[in-house]
Number of protein chains: 2
Amino acid sequence: MPARRAIDHACPIRDVLDRIGDAWSLLVMIELAKGPCRFNALRRVIDGISQRMLSVTLRHLERDGLVSRAVLPTAPPQVEYTLTPLGHSLIDRLEPLRQWAVAHQGAVRRARAEFDTRVMDPAT
Amino acid sequence: MPARRAIDHACPIRDVLDRIGDAWSLLVMIELAKGPCRFNALRRVIDGISQRMLSVTLRHLERDGLVSRAVLPTAPPQVEYTLTPLGHSLIDRLEPLRQWAVAHQGAVRRARAEFDTRVMDPAT
DNA sequence: CCGTATCCTTCTGGATACTG
DNA sequence: CAGTATCCAGAAGGATACGG
């Protein structure tokens with residue numbers, strides 16, 4: 001995605017999509033929705049995320065008030081991440097979308113297959 | 001966004017976000033939700049989209065069965081794009097998300113401001 | 001009018017190495 | 001353990017030119 005332009009501010013939903021549309025934010029939030037979790041624990045369970053992107057993603061979410069960060073007074077220091085009420089309210093609103101995906105994934109797959117054969121197949 | 005990896009298929013909502021999370025798909029769908037529209041008309045109203053990205057985006061949406069393409073038998077040839085019922089059902093499901101964005105954009109902005117001062121400010 | 005093809009810049013994000 | 005810094009490959013996307 002390129003840098004956001006002026007037009008984007010016109011649509012509030014764009015702000016949300018910019019926040020959760022990337023590869024990892026949603027996955028991290030879903031994981032944290034199950035309960036608080038520490039950095040490396042998240043890293044293990046998310047599978048495939050690089051240390052850098054987990055760090056970047058968590059910072060982003062924390063900045064937007066969707067995730068909170070707590071340094072536990074232990075030695076060695078542990079850091080626990082928790083989904084905030086705001087974060088919970090967001091993933092709740094994502095539920096209809098998930099249901100749509102489940103309900104219509106068959107239709108989309110079929111549309112794709114039909115499109116691919118129609119475009120690839122030169123037989124008119 | 002990087003190329004999708006194996007893990008992504010585990011989450012149906014990822015498929016949806018990959019479809020509407022990019023910069024233009026949503027804007028195009030919102031525009032088409034108002035009614036059928038031709039290529040250059042879309043291009044004018046979307047403002048900022050390049051000819052290439054409009055073409056790519058429309059093809060993507062058409063492939064997924066969210067938009068249909070009709071070549072009108074006029075001279076010069078005109079092409080009309082229409083949001084399918086499937087496409088309509090998807091943007092309907094986006095409404096709760098839009099409402100969330102509107103309702104909480106203040107909270108997010110405040111969280112951001114607080115975060116920025118806290119991180120930037122070396123006091124403590 | 002409606003696109004596709006090519007080029008080239010910009011941005012994303014993984015790998016790696018190093019701090020508190 | 002929990003990150004940050006640097007480097008670099010690859011993908012996204014705008015500009016431009018050309019075809020149906």
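The salt bridge (Lys or Arg N to Asp or Glu O under 4.0 Å) test applied to A:R63 returns B:D116, not counting sequence neighbours. Applying the side-chain contact (heavy atoms from CB on, under 4.5 Å) test to B:A111 and every residue at least two apart in sequence or in another chain returns nothing. Legend: residues meeting side chain to side chain donor-acceptor pair (under 3.5 Å) with A:T82, ordered by chain and number and at least two apart, are absent. Residues that satisfy the salt bridge (Lys or Arg N to Asp or Glu O under 4.0 Å) test with A:R93, not counting sequence neighbours, are absent from this structure. The side chain to side chain donor-acceptor pair (under 3.5 Å) search around A:E80 returns none, not counting sequence neighbours. Not counting sequence neighbours, the partners of A:E114 by the side chain to side chain donor-acceptor pair (under 3.5 Å) test are A:R118.
Atom CZ of A:R43 and atom P of D:dA2 are 11 Å apart (whole Å). The distance between atom CZ of A:F39 and atom C1' of C:dG20, rounded to the nearest whole Å, is 14 Å. To the nearest angstrom, C1' of C:dT12 lies 15 Å from CG of B:D18. Regarding A:E62, its CD atom lies at a distance of 15 Å from the P atom of D:dA2, rounded to whole Å. Atom-to-atom, CZ of A:R38 to P of D:dA2 comes out at 5 Å; the value is rounded to the nearest Å. Rounded to whole angstrom, the span from the CD1 atom of B:I49 across to the C1' atom of D:dA15 amounts to 15 Å. Regarding B:Q51, its CD atom lies at a distance of 12 Å from the C1' atom of C:dA5, rounded to whole Å.
Placement of A:L83 and A:V45 within a single hydrophobic cluster is found when ILVMFWY residues are connected by side-chain heavy-atom separations under 4.5 Å, directly or transitively.
Contacts between residues 52-60 of chain B and DNA chain C, defined by a heavy-atom separation under 4.0 Å, are made by B:R52, B:S55, B:R59. Using a 4.0 Å cutoff on non-hydrogen atoms, no part of residues 69-82 of chain B comes near DNA chain D.
Each end of the helix from C:dC1-D:dG20 to C:dG20-D:dC1 gets its own axis, taken as the rotation carrying the C1' atoms of four end pairs onto the next four within a five-pair window, and the two axes meet at 40° to the nearest 10 degrees.
Salt bridge status for B:R14 with B:D18: present, with a side-chain N to carboxylate O gap under 4.0 Å.
Among residues at least two apart or in separate chains, salt bridge (Lys or Arg N to Asp or Glu O under 4.0 Å) pairs with a member in residues 103-113 of chain A are A:R112-B:D64. Pairs of residues two or more places apart, or lying in two chains, that qualify as side chain to side chain donor-acceptor pair (under 3.5 Å) and include a residue from residues 67-77 of chain B are B:R69-B:Y81. Screening residues 51-61 of chain B for salt bridge (Lys or Arg N to Asp or Glu O under 4.0 Å), with sequence neighbours left out, gives no hits.
Considering only the side chain of B:W24, D:dG14 comes nearest among D:dT4, D:dG14, C:dT4.
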